[in-house]
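No hydrogens, no waters, no symmetry mates; every other heavy atom, side chains included, goes into these values.
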Amino acid sequence: MTTTAVDVRPWIGRKQAAILAHRSEMARPRSLPALLTGLPDSERAHILGTEWFICYDLAPGRVPGPRAQDLPRPATERPS
């Protein structure tokens, strides 16, 4: 059950750099990092551009539910 989807497109470059930093994984041809780097930019952006989370309210007796209001907004969406 996904409760929150976060647009992380502003950080795709950082995510790609982090993936490339795992050189031992890159050397394995069927590893996920190697497969991702072989994709066209548009497909890679589609895969890496959203992160999904399950957010739980940990108070006793409460039902798990979305807590998107507790997540930080990307710098591109913050008021100046």
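- Glu43 meets the side-chain hydrogen bond (donor to acceptor under 3.5 Å, both in side chains) test with no other residue; sequence neighbours excluded.
- Every pair passing salt bridge (charged side-chain N to carboxylate O under 4.0 Å, His left out) that includes a residue from residues 12-22 is listed here, sequence neighbours excluded: Lys15-Glu51.
- The nearest pair of heavy atoms linking Thr50 to Ala5 is CG2-CB, 4.0 Å.
- Atom-to-atom distance recorded for Thr4:OG1 and Ile54:CD1 is 9.5 Å, nearest 0.5 angstrom.
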Residues 33-42, side-chain donor-acceptor partners within the protein, below 3.5 Å, at least two apart:
from	atom 1	to	atom 2	distance (Å)
Thr37	OG1	Pro33	O	3.3
Thr37	OG1	Ala34	O	3.0
Asp41	OD1	Arg44	NH2	2.4

